[in-house]
Amino acid sequence: MNNFAKSLVALWRELGLNQRVSLIVAAVAVIGGLIGVVLWSQRPDYQLLYARMNEKDAAAVISHLQTLNIKHQVTSGGSAVMVPSDQVYKLRMDLAAKGLPTGDGVGFEIFDKGQFGLSDFVQRTNYLRAIQGELARTITQLQGVRAARVMIVQPENRLLLTEQGVKPSASVFVDVGGTRLESEQVNAIRNLVANAVQGLLPDAVAVVDNRGHVLSDELKQDPALGTASSQMKYRQQVEDYLSRKIETMLAQVIGPGNAVVRVSAEIETEATTSTQEKYDPEGQVVRSQTISEDISNATEQRSGGGPAGVAANNPDKAAPDASARPTSLTEQNRKNRTTTYEINRTTTNVIRNPGTVRNLSAAVFIAQRPAAVAAVVAGAAPVAEPVAVKRTAEELNSLRQIVLNALGLKPVAGQSLDSLVSLQEVPFQVAERLPAQLEALRTENRWMGWFEASSRWGAVVIAVGVFFFFFRLLSKQKVEPVPVEVLSMPPDALGRALPNGGAGITPEMLNQLIRHKPANIGAALRDWVATPANKN
């Protein structure tokens, strides 16, 4: 052991200043790396316990961990807690038994504990709190929502309703950080809250984000289109739908990006009601018929008188025969018929709601057929003036007819097709910008390739540079030549030739010197061979 220590001390004395500094730096680096590895290996493996907690829940969880003397870390601005991995599940069960974390509000667990003697008002209030808490927890599960709060307003139940128009409403506050929710997500929140509360409509739910933006205004539907904004929005939706419909159809024929379509729609914005009555005399129908018949008979007799004179006053004269008297017979027969006819009548009530498309017109620009785009994309030299091929009149008319059929337009008598669909073929500027865009794309790809290559080989280059740096330091160390005559000197002369007077020099020490520094012996032999012998 003493010999090994002495050899290390002797080796250290023989090293130069640069070699000593390099050795110290390397030793410090190795020791520091070992210490870092040991400390990192002894560091506990932390895993996530709970995340996206509010301040109240985070404070309660941390207080419970401090009570149990459990190491923990707080991340994500105080909303997440990390604990050792071997205690995650046990702590979750313990915290769940204590009702932590409670989440955003109280849910239906508020009814888990039996409470007697509560009034009806308190019961309804707890039920409202439970619904708000459950909705807030559900909304928090949506992607992009960090936290949510729901407030519901319900009209008070009364025996005598003084205001019939009072309806429930709700407001939702969502914390989305620095992002923005899509329209589909906002609509989902509105429908989720509306379907959870009786009598609540989606338009009565207001959604507000943490930046103060009302997200639900754009989704409110106005059935009567009473406001100008609703009318313009509906018109824009119709025009955009028809424009996309035509563009996607033409893209399959002339290629994507080679057609620009704009549709103008005239929308009916007034609600009208029309009533029409039509009578058809030819379609008359007997409604009622009355027949009355009257028959009457009358008979009249006239008495015949005697001859005038004395004979008429003679009582002894016999009376004349009654059958010889004149008789008058009268008979009447009368019939009445009354017939009532009903004329066929048609009553039509037509109610037109706003939103009917009264008129459509379209403007279509079609690009000419480019002939040199394929060569440019393939990497050939860009053409200064790309050649374009124009379409014939028959092709343009067929494309115009396709647009007419897609829009459902039918020209009336005397109306030209150009008044409905204006279709023109013009050269687009995309072909002229294509070479410059491709060159910029190639340049960007080239820089990206160089960046990826440099990041991949950067570590190798740094390692090679460090190796050459130490190699250069070692190369600057000059080898001290040892005269070859030292090997043949007697011990007293050898002591005088070597440093420190050569005290105690033995052949074993020379052999050890040769083994430790063979380069010096090799240099001495080269100098001895190269030096010419003295001629005495």
>> Measuring only between side-chain heavy atoms, which start at C-beta, is V426 closer than 4.5 Å to Q368?
In response: no
> What pairs with R358 under side chain to side chain donor-acceptor pair (under 3.5 Å), at least two apart in sequence or on another chain?
Replying inline: E266, E268
> Would N397 and Q401 count as having a side-chain donor-acceptor pair, cut-off 3.5 Å?
Replying inline: no
> Would a distance-only check, ignoring hydrogens and angles, find a side-chain to backbone donor-acceptor pair under 3.5 Å from R235 to I267?
Replying inline: no
> Within the distance-only criterion (no hydrogens, no angle test), does the side chain of Q185 pair as donor or acceptor with the backbone N or O of R180 below 3.5 angstrom?
Replying inline: no
> Hey, is the main chain of T179 close enough, under 3.5 Å, to the side chain of R211 for a donor-acceptor pair?
Replying inline: yes
>> Going by the rule side chain to side chain donor-acceptor pair (under 3.5 Å), which residues pair with D418 if we only count those two or more places apart in sequence or in a different chain?
In response: R400
> Does A59 offer a backbone N or O that forms a donor-acceptor pair with the side chain of S63 under 3.5 Å?
Replying inline: no
>> Show, in sequence, the C-alpha distance, side-chain angles and deciding distance for V350 and S274, and conclude whether the side-chain contact (heavy atoms from CB on, under 4.5 Å) test is met.
In response: CA-CA 5 Å; V350 179; S274 61; 3.3 Å; yes
> Hey, does I366 have a side-chain heavy atom less than 4.5 Å from the side chain of L423?
Replying inline: yes
>> Under a 3.5 Å cutoff, is there a donor and acceptor pairing between the side chains of E277 and Y279?
In response: yes
>> Go through it in stages, so that I can follow the logic: the residues are K71 and Y46, the test is side-chain contact (heavy atoms from CB on, under 4.5 Å), and I'd like the CA-CA distance, side-chain angles, deciding distance and then a yes or no.
In response: CA-CA 9 Å; K71 297 181 179 179; Y46 285 95; 3.5 Å; yes
> Do the side chain of Q132 and the main chain of I152 share a donor and acceptor less than 3.5 angstrom apart?
Replying inline: yes
>> With a 4.5 Å cut-off on side-chain heavy atoms, are Q47 and V83 touching?
In response: no
> Any donor and acceptor pair, going by atom type alone, linking the side chain of N191 with main-chain N or O of A194 inside 3.5 Å?
Replying inline: no
> Is T346 close to T348 at the side-chain level, that is, under 4.5 Å between some pair of heavy atoms?
Replying inline: yes
> What's the verdict on side-chain contact (heavy atoms from CB on, under 4.5 Å) for V208 and V174, showing C-alpha distance, side-chain angles and the deciding distance?
Replying inline: CA-CA 6 Å; V208 183; V174 291; over 6 Å; no
> Is a side-chain N or O of Y234 found less than 3.5 angstrom from the main chain of G355, in a donor-acceptor match?
Replying inline: yes
Could you go through residues 241-255 and list every donor-acceptor pair under 3.5 Å that involves a side-chain atom there, pairing it with any protein atom two or more places apart or in another chain?
residue: S243; atom: OG; partner: E239; partner atom: O; Å: 2.8
residue: S243; atom: OG; partner: V263; partner atom: N; Å: 3.4
residue: K245; atom: NZ; partner: A406; partner atom: O; Å: 3.1
residue: E247; atom: OE2; partner: V261; partner atom: N; Å: 3.2
residue: T248; atom: OG1; partner: R244; partner atom: O; Å: 2.8
residue: T248; atom: OG1; partner: K245; partner atom: O; Å: 3.0

>> Is it the case that the side chain of R352 and the backbone of T272 share a donor-acceptor pair, with hydrogens and angles ignored and the cut-off at 3.5 Å?
In response: no
> Given side chains that start at C-beta, do those of V193 and V172 come closer than 4.5 Å, heavy atoms only?
Replying inline: yes
> Does the side chain of V205 come within less than 4.5 Å of L192's, by heavy atoms?
Replying inline: no
>> So which atom in E395 and which in R391 form the shortest heavy-atom distance, rounded to 0.1 Å?
In response: OE1-CB, 3.1 Å
